[in-house]
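Order of the sequence lines fixes the chain letters, A, B, ..., with proteins taken first and strands second; residue numbering starts at 1 for each chain.
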There are 2 protein chains.
Amino acid sequence: MTDTTQHRASIPHSPAEPDARARLEHAGLEATPRRIAVLEALAALPHAPAAQELLDAVRRTTRMDKVTLYRTLDLLVEAGILQRHSGADGAFRHCMAPAGENAPHGHFQCTRCGVMTCLPPLPTALDATALLPAGVTVEHVEVRLDGVCGRCGKS
Amino acid sequence: MTDTTQHRASIPHSPAEPDARARLEHAGLEATPRRIAVLEALAALPHAPAAQELLDAVRRTTRMDKVTLYRTLDLLVEAGILQRHSGADGAFRHCMAPAGENAPHGHFQCTRCGVMTCLPPLPTALDATALLPAGVTVEHVEVRLDGVCGRCGKS
DNA sequence: ATTGAGAATGCAACTCGGTTGCATTTGAGT
DNA sequence: ACTCAAATGCAACCGAGTTGCATTCTCAAT
């Protein structure tokens, strides 16, 4: 049968595609169409989207179930390709992990529109470890500034 | 009918009760039994509990619906008596707001047992505002360190 | 090109934290 | 005691994220 369906993500290769594929294969993961689509959609967004927003973006090019998205996000976070951050609304956001692994960055989230944006790497590296109770090990530092973004502030 | 039920929170006044009552009245809120019970339970806990854990604690002395707890927490956060923080698991935790309002504190959360503990006030006051995009206003700073606590680290 | 095994995906149903609407109860002020 | 607004309980709901299982896809070995 001739394949006139849109079951396959037969998008003409976008410029970001080879990069996404490379990142996946470098991490030892299969470079499947959905995973590439997720990475491309994420790279194209100027902020760190919630799962639903990311799903909407991916679906403009690729058919994908929400469960697949959640599993893909788990996988990519596990592989260190993405970072996961908790929003002030209790939903998670994801963004590309910066190249310099050791340069953690914080986020700003608007309490009105909910958009979360990445900040440049933190200069004053939190030496908060000095404040910790004895015997603890820190694996991850989360810094989030909540407030009102420029656009919401005007209206 | 004779009232043999435990509908009323007829706990013999605990030492923390007058304080809780004072805080509520100072904020212009009715000092109802549930609100006092929530504040007492929270003050008695050594960490910042999730709603379910707090509800369990309150129910050891007072009958309370979960909706009432959530509404009470909203109210107390709004009044500045409590602080709300996002856990790494997406659930909120609440703790007493420290006396010095201008001294924000961070939190440590164990990724295994989920317990969130308050840290001393941050010494290196985040001057991250310098990193922010133009036009934004910051209302709240959230700093969370995720890792393994002493107890979980041993086992 | 064919095929077979394991990984990836979709679908449905579910869990869990939190919320909403509405009826009932409580409690402060008369 | 009476009244009326505020507080509470109950049931039903919502959205984010998860689980189980059947189907489809990938890739490697023929």
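Closest to the side chain of Gln52(A), from the set dT9(C), dT26(D), dA16(D), is dA16(D). Of the listed nucleotides (dC22(C), dG18(C), dT18(D)), dC22(C) has the atom at the smallest distance from the side chain of Arg71(B). Closest to the Asp65(A) side chain, of the nucleotides dG10(C), dA6(D), dT9(C), is dG10(C). Comparing dC10(D), dG10(C), dA8(C) against the side chain of Met64(A) picks out dG10(C) as the nearest. Among the nucleotides dC27(D), dT18(D), dT9(C), the one closest to any side-chain atom of Tyr70(A) is dT18(D). Minimum atom distance to the side chain of Phe92(B) is reached by dG18(C), of the listed dA7(C), dT19(C), dG18(C). Checked against dT8(D), dG17(C), dT9(C), the side chain of Ala91(B) finds its nearest nucleotide in dG17(C). Set against dT19(C), dA7(D), dG20(D), the side chain of Val67(A) has dG20(D) as its closest nucleotide.
Glu142(B) and His85(B) form a side-chain donor-acceptor contact under 3.5 Å, judged by distance and modelled atom types alone.
At the phosphate of dA8(C), neither OP1 nor OP2 sits under 4.0 Å from any side-chain N or O atom of Arg34(A). Proximity of Thr32(A) to the phosphate of dT9(C): a side-chain N or O atom is located under 4.0 Å from OP1 or OP2.
Between Glu30(A) atom CD and dC25(D) atom C1' the separation is 8 Å, expressed in whole Å. Atom CG of Leu29(B) and atom P of dG27(C) are 16 Å apart (whole Å). Taking atom CG of residue Asp56(B) and atom P of nucleotide dC16(C), one finds them 13 Å apart after rounding to whole Å.
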Identify the pairs formed between an N or O of the protein and an N or O of nucleotides 22-24 of chain D at a distance under 3.5 Å, and give each distance.
none

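For Lys66(B) and dG17(C), a side-chain-to-base donor-acceptor distance below 3.5 Å is absent, hydrogens and geometry of angles not being considered.
Put simply, the side chain of Arg35(A) reaches to within 4.5 Å of the side chain of Leu75(A), judged on heavy atoms.
The residue Ala51(B) sits close only to the backbone: its heavy atoms come under 4.0 Å of sugar-phosphate atoms, none of a base.
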